[in-house]
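Inspection log for the structure reproduced underneath, given as structure tokens.
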Amino acid sequence: MKNLLFALFFLMCSVVSLHADFHPNAEDTWPLVARSQVIVIGTLDVPVERIREFQSSGKHDYLNLTVKTDQVMKGNVAREFNVSWFTKPRSDSPDPEQVIGLNGKNVMLFLSVSHEDRKETLYFAADSTKAVTEYSEKLQQRVLSEIALQRKVLAARDQAVAVPNPAIFQKVKKLIDATTRKESQKDAFKQLEALGWDGVPSIIMLMDDDRDLAIKHIELDNHAADAFEGIRQYGPSKVVDAMAAILNQITAENFGFIYNGDDTEQDRHDCADGWMMYLYHWEKESAKLPVKREENW
């Protein structure tokens, strides 16, 4: 009995340590679904001649691609709507030839919603070439299954992911509280970033926080190889805005660019949901690795 009680106590005082540096597999369906506020099946109408003009001149701009909706799988959208798309070829966006080739075809689109200047604009989601693709029944079923799974996980988020390291969780909680006070906000941001990957699970679990920041400003070191400036500066207004920026800083992942505080409550909630799915899949991948336990006596 004594040995059994000791074993139980040891298990209660230990936590599973997540494998660091988790990045979603580009072939997985879940990241694109998690990063999309709208997923729709419809017919794409492409201004082909205008795209050809931009290609010939080398001068590019945003164009509207018109979509006639057949089925809305996620989010809300009008029967007919426009997607704003930049015509310059990029590795992280649908290619002009790809878009032209889908003209008049039945497609599936993965979209994000922007509310800049109080105007709603739809863009391709996730900076992905897969944000628009030709429709197939197999793709539809795969995406529907993923949408259903994500709804299930998010509806029971407290049971879907494990409690992080208790000591780090409490530290993150105190630091997030400190961001709502003028005298401690700047240092709290620095300490949260300094936690690195160890702090990511706790930040995700606590990020859906709509309290006002003491100061609507955050500075983060710019680690990009082609950085024009050494500092990334944003104007978040809510705790959740700043936590999204810090998570992006640590992981280089993004589930909604809400860092400047001008987004809607729904945008913020969608971003937090995306990060929760990130944590869910991080834990799933970690479960495939040898279990590392840390003692917290």
Side-chain angles (χ1 to χ4, degrees), residues 23-56 59-116 119-151 253-258 263 266-267 270-271 273-274 277-278:
H23 296 285
N25 188 324
E27 299 304 313
D28 289 343
T29 303
W30 78 261
L32 192 52
V33 172
R35 290 176 175 131
S36 300
Q37 291 169 285
V38 172
I39 303 176
V40 63
I41 296 169
T43 304
L44 190 64
D45 185 4
V46 178
V48 176
E49 294 305 316
R50 289 285 290 144
I51 296 175
R52 295 296 188 206
E53 289 173 12
F54 283 120
Q55 288 179 312
S56 297
K59 297 179 180 179
H60 296 275
D61 203 348
Y62 281 93
L63 278 183
N64 282 332
L65 309 177
T66 303
V67 181
K68 293 182 179 178
T69 307
D70 293 327
Q71 179 184 353
V72 179
M73 304 170 71
K74 180 181 179 181
N76 296 293
V77 75
R79 179 69 181 83
E80 183 171 311
F81 63 93
N82 291 326
V83 178
S84 185
W85 168 72
F86 197 69
T87 60
K88 186 176 182 178
R90 288 171 21 195
S91 61
D92 58 352
S93 177
D95 184 84
E97 294 302 327
Q98 175 188 355
V99 171
I100 290 171
L102 293 171
N103 184 34
K105 293 185 177 180
N106 201 219
V107 297
M108 185 178 295
L109 302 103
F110 300 82
L111 307 170
S112 61
V113 184
S114 170
H115 293 94
E116 297 175 15
K119 179 183 177 183
E120 183 173 287
T121 306
L122 291 162
Y123 297 96
F124 289 125
D127 293 328
S128 172
T129 58
K130 297 180 180 179
V132 57
T133 186
E134 191 166 358
Y135 167 82
S136 73
E137 187 174 341
K138 183 178 180 180
L139 174 62
Q140 181 184 19
Q141 291 306 313
R142 188 166 78 244
V143 172
L144 283 173
S145 295
E146 181 58 37
I147 291 171
L149 172 63
Q150 294 194 11
R151 285 174 177 165
E253 302 293 345
N254 177 24
F255 290 90
F257 188 89
I258 61 170
D263 293 273
Q266 186 63 50
D267 293 333
D270 291 342
C271 177
D273 281 352
M277 292 309 306
Y278 175 89

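The CZ atom of Phe124 lies 7.0 Å from the OG atom of Ser93; values are rounded to the nearest 0.5 Å. Atom CG of Leu65 is separated from atom CD1 of Ile100 by 10.0 Å, given to the nearest 0.5 angstrom. The structure places CG of Asp273 at 8.0 Å from CD of Gln266, a figure rounded to the nearest 0.5 Å. A distance of 9.0 Å separates OG in Ser128 from CG in Asp92, rounded to the nearest 0.5 Å. Considering CG of Asp270 and CD1 of Ile258, their distance stands at 9.5 Å, rounded to 0.5 Å. Atom-to-atom distance recorded for Leu44:CG and Met108:CE is 13.5 Å, nearest 0.5 angstrom.
Applying side-chain contact (heavy atoms from CB on, under 4.5 Å) to Ile39 and the options Ile147, Leu109, Leu32 leaves one that passes, Ile147.
Partners of His23 according to the side-chain contact (heavy atoms from CB on, under 4.5 Å) rule, which considers only residues two or more places apart in sequence or in another chain, are Trp197, Glu253. Partners of Thr129 under the side-chain contact (heavy atoms from CB on, under 4.5 Å) rule, at least two apart in sequence or in another chain, are Gln98. Judged as a side-chain contact (heavy atoms from CB on, under 4.5 Å), and not counting sequence neighbours, the contacts of Thr87 are Phe54, His60, Leu63, Trp85. For Phe86, the ring-ring contact (aromatic ring centres under 6.0 Å, His included) criterion is met by Tyr62, not counting sequence neighbours.
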Please determine whether side chain to side chain contact (heavy atoms under 4.5 Å, CB included) holds for the pair His115 and Val113, giving the CA-CA distance in whole Å, both sets of side-chain angles, and the decisive distance to 0.1 Å. CA-CA 7 Å; His115 293 94; Val113 184; 3.5 Å; yes
Ser84 vs Leu122, side chain to side chain contact (heavy atoms under 4.5 Å, CB included): CA-CA, chis, key distance, verdict: CA-CA 6 Å; Ser84 185; Leu122 291 162; over 6 Å; no
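Judged by distance alone, the side chain of Thr69 and the main-chain N or O of Arg79 form a donor-acceptor pair under 3.5 Å. The closest donor-acceptor contact from the side chain of Asp45 to the backbone of Thr66 lies at 3.5 Å or more, if one exists at all. Formation of a donor-acceptor pair under 3.5 Å by the Arg35 side chain with backbone atoms of Gly274 is not found in this model. Side-chain atoms of Lys105 do not come within 3.5 Å of backbone N or O of Glu134 as any donor-acceptor pair.
The environment of Asn76 atom CG is sparse: at most 12 non-hydrogen atoms of other residues, nucleotides or ligands sit within 6.0 angstrom.
Contact check for Val83 versus Val67: side-chain heavy atoms found under the 4.5 Å cut-off. Under the 4.5 Å side-chain criterion, counting only non-hydrogen atoms from C-beta, Lys74 is not in contact with Gln37. Two residues are said to be in side-chain contact when any heavy atoms from C-beta on lie closer than 4.5 Å; Val40 and Phe81 meet this criterion. The side-chain heavy atoms of Leu149 and Trp30, taken from C-beta on, include no pair separated by under 4.5 Å.
Residue pairs meeting the side chain to side chain donor-acceptor pair (under 3.5 Å) criterion with at least one partner in residues 140-149, sequence neighbours excluded, are Thr29-Arg142, Gln71-Gln140, Tyr135-Gln140, Glu146-Gln150. The list of salt bridge (Lys or Arg N to Asp or Glu O under 4.0 Å) pairs with a residue in residues 95-104, not counting sequence neighbours, reads Arg52-Glu97.
Across all non-hydrogen atoms, the minimal contact from Pro31 to Asp28 is CD-O, 3.5 Å. The minimum heavy-atom distance linking Ala125 with Ser112 is given by the pair CB-N, 3.8 Å.
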